[in-house]
Structure formats: structure tokens, C-alpha cells
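Read the structure below first, then the notes.
Residue indices begin at 1 and follow the sequence shown.
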Amino acid sequence: MKLALLSTLAAVAVGANAHFTMQYIWVNGVDQGQNVDIRVPPSNNPVTDVTSTDLTCNVNGLSGAGVSTVSIPAGTNITFEWHQHDQRTGEDAISAGHKGPVQVYIAKAPSTAATFDGQGTVWTKIYSSGLLNPQTQEWATDVVNANNGKHSVVIPASLPAGEYLLRAEIIALHVASSYPGAQFYVGCAQVKITGGGNANPPKIALPGAYKPTDPGITINIYNNLQSYTAPGGPVWSG
């Protein structure tokens, strides 16, 4: 009990000023530039209310007005890159105390990505990584940090052509033993998929699908955790 409390207090101290944002996307290994094709939030603070529309694409993220949309072929490898501040070097990309899962969702826009607010049952989960090693307590966030803030996903080739929002999410669970405690770091990029197929994948709503009582949202990760179930349901493989 004492060890768990000390670990929690240490995590709070480490994480107090260690917030971060998604700042870059890479298309098949090509860096698109800082904040290009991304709906940029006003600060690096997390979202903590799972019922808020801020959960969709972060604060002020319901519109992509003025944001460019990158054209990509179906099956493209997209890499997301996160940082605490406006710098790529000189500090960890994300604080080591921010343990938790990394997830990616995609939603097809009715018309343009820039005018799409992402509301409703429109999101498909295409990537999720959580607790990787219960013995060492290695999380997906540890891998992102070791990779200088980067994680990647292949856009399913069977998705229909059109404009989409890509939503990357890191959930920091260092103070998630009560709600609201989990910290949702969300970044949305605007893409136009060319080629593609005719898949109709399963969809959820964000906000809507996440509940405060979800075991992946309200959880004590310092109590010899052996497994983890991320919110949002299973990954669609495409």
C-alpha cells in the first residue's frame, strides 16, 4: 500500500507540468511539418471529461477551418509525433510518468474533413496498444517516448476513398484511480484517402462510447496490474 501511494505521488510530481500535444504527422516516412494538417489545440492540457465534445478532437477541435488536408493513398503508413513543448530535443517527448495506452481512430467526413465536426457514431478504432509487459510494467507510452514521441499506423486499404479525420489518442493513467483522473491527449489530422475499397467498418461515438466507469479509464495502475482493457472496444483490422 505504501509503495503504491509513493508511486502515485511520484507520478503526480513528475506529471504536474509534463503535458503534451500531437505536433507532426509523417506520411510513408515523410515529415509533413510542425502542426501541418493538424487541428491545433490552444494548450497542451489534457481532456479529463469523457462526456465533453473536447474528447473528439481536443479543445476548439470541432472545426478544421484553415487547416490543410493531406492526400494519401489507401494503405499509407501514418506516423504521429508528440511533444511536451514546441521543441523536438532537450526533453522527453512525453513524461515518463504518463503511463497508458495509445490508440488511433478514423472517421469519414460527409464532405470535407475541414468542415467535419466528428460528432455522432462515426469513429472506427484502427490501432490500440496498452500494457505490454505486466512484469516490467511497460506501457505503449514507454515505447512512444523511447521512439522520440512517435507511433505509427497503417490506414486500412479497404476504406473507401474520401476525406477523413484521423484521431490519435494517448491516455495517461498516472492519477486515474478516481474520476476524473485519466488524462486524454487527443490530436486530429485531416486526410484525403485516394484509391481504397468499399469497407463499412464498425463505428462508435466520441464522446459517447467512453464512460467514467470503464475499467480502462478509472483504474489504479500501481497495484501490480496484470492486464488492461482499453476503452472504445476492439480494433477493426480492415
Validation row: Val104, Glu169 side chains within 4.5 angstrom (heavy atoms): no
Rounded to the nearest 0.5 Å, what separation is found between the OG1 atom of Thr76 and the CD1 atom of Ile155? 7.0 Å
Would you say Tyr222 ends up clustered with Leu225 if hydrophobic residues are merged whenever their side chains have heavy atoms under 4.5 Å apart, either directly or through other cluster members? yes
Anything under 30° is parallel, anything over 60° is perpendicular, the rest tilted; go ahead and classify Phe20 against His98. perpendicular
Separation between SG of Cys57 and CG of Leu206, rounded to the nearest 0.5 Å: 9.5 Å
Calculate, to the nearest 0.5 Å, the distance between atoms CD and OG1 belonging to Gln190 and Thr112 respectively. 8.0 Å
When rounded to the nearest 0.5 angstrom, what distance separates CH2 in Trp82 from NZ in Lys150? 14.0 Å
Among the clusters formed by ILVMFWY side chains lying less than 4.5 Å apart, do Ile193 and Trp26 turn up in the same one? no
Between the side chains of Gln137 and Lys99, is a donor N or O closer than 3.5 angstrom to an acceptor N or O? no
Check the hydrophobic clustering (I, L, V, M, F, W, Y; side-chain heavy atoms under 4.5 Å; chains of links allowed) and say if Leu166 and Val67 are grouped together. no
Is any side-chain heavy atom of Glu81 closer than 4.5 Å to one of Arg88? yes
Shortest non-hydrogen contact between Val36 and Ser68, atoms and distance: CG1-OG, 3.8 Å
What's the verdict on side-chain hydrogen bond (donor to acceptor under 3.5 Å, both in side chains) for Thr53 and Thr56, showing C-alpha distance, side-chain angles and the deciding distance? CA-CA 6 Å; Thr53 54; Thr56 308; 5.9 Å; no
Nearest heavy-atom neighbours spanning Gly238 and Ser158: O-OG, 2.8 Å
If we only count heavy atoms from C-beta on, is the Leu159 to Tyr164 side-chain gap below 4.5 Å? yes
Heavy-atom closest pair (Gln135 atom, Asn133 atom, distance to 0.1 Å) is N-OD1, 2.9 Å
Using links of under 4.5 Å between side-chain heavy atoms of ILVMFWY residues, direct or through other members, which residues join Val143 in one cluster? Leu132
Could you tell me whether the side chain of Thr121 and the main chain of Lys203 form a donor-acceptor pair under 3.5 Å? no
Residue list, ring pair (Phe, Tyr, Trp, His ring centres under 6.0 Å) with Trp123, at least two apart or on another chain: none
Check whether any side-chain N or O of Lys125 sits under 3.5 Å from a backbone N or O of Trp236 as a donor-acceptor pair, and report yes or no. no
What do the steps show when you test Thr48 against Tyr179 for side-chain contact (heavy atoms from CB on, under 4.5 Å), and what is the final call? CA-CA 8 Å; Thr48 57; Tyr179 180 86; over 6 Å; no
Hey, is the main chain of Gly216 close enough, under 3.5 Å, to the side chain of Asp214 for a donor-acceptor pair? no
Do you know the tightest heavy-atom contact between Leu165 and Ala113? CD2-O, 4.0 Å
I'd like to check Val186 versus Arg167 (side-chain heavy atoms, cut-off strictly below 4.5 Å). Are they in contact? yes
Steps toward side-chain contact (heavy atoms from CB on, under 4.5 Å) verdict (Ser71, Thr194): CA-CA 7 Å; Ser71 183; Thr194 60; 3.6 Å; yes
What closest approach, in Å, do His151 and Val144 show between heavy atoms, and which atom pair accounts for it? CB-CG2, 3.9 Å
Side chains of Pro231 and Ile171: does their closest heavy-atom pair fall under 4.5 Å? yes
Between Leu55 and Tyr210, which heavy-atom pair has the shortest distance, and what is it? CD2-CD2, 3.9 Å
Roughly how far, to the nearest 0.5 Å, is CG of Asn28 from CD1 of Ile72? 8.5 Å
Please assess Val102 against Trp139 for the test side-chain contact (heavy atoms from CB on, under 4.5 Å), listing each intermediate value before the final yes or no. CA-CA 9 Å; Val102 179; Trp139 286 83; over 6 Å; no
Report yes if some heavy atom in the side chain of Gln23 is under 4.5 Å from a heavy atom in the side chain of Ile38; otherwise report no. no
Can you tell me if Thr124 uses its side chain to pair, donor with acceptor, with the backbone of Pro202 under 3.5 Å? yes
Hey, any chance Val122 and Val235 share a hydrophobic cluster, counting ILVMFWY side chains that come within less than 4.5 Å of each other, even indirectly? no
Ile170 vs Phe80 side-chain heavy atoms within contact, under 4.5 Å: no
Could you state whether Val47 and Ile204 fall into the same hydrophobic cluster, counting links through intermediate Ile, Leu, Val, Met, Phe, Trp or Tyr residues with side-chain heavy atoms under 4.5 angstrom apart? yes
Less than 4.0 Å between a side-chain N and a carboxylate O, is that true for Lys108 and Glu163? no
Determine whether more than 12 heavy atoms belonging to other residues, nucleotides or ligands lie under 6.0 Å from atom CG of Asn198. no
Between Lys211 and Thr51, is there a side-chain heavy-atom distance shorter than 4.5 Å? no
So, using ring pair (Phe, Tyr, Trp, His ring centres under 6.0 Å) as the criterion, who are the partners of Tyr24 when residues are at least two apart? none
Are any of the side-chain nitrogens in Asp37 or Lys192 under 4.0 Å away from the carboxylate oxygens of its partner? no
Looking at Gln87 and His85, would you say the former's side chain and the latter's main chain have a donor-acceptor pair under 3.5 Å? no
Between Gln34 and Asp86, does any side-chain donor sit less than 3.5 Å from a side-chain acceptor? yes
Under a 3.5 Å cutoff, is there a donor and acceptor pairing between the side chains of His19 and Gln84? no
Using only atom types and a distance under 3.5 Å, with no angle test, would you say the side chain of Asn220 pairs donor to acceptor with the backbone of Ser177? no
Output the distance between atom CD1 (Ile94) and atom CG (Asn148), rounded to the nearest 0.5 Å. 11.5 Å
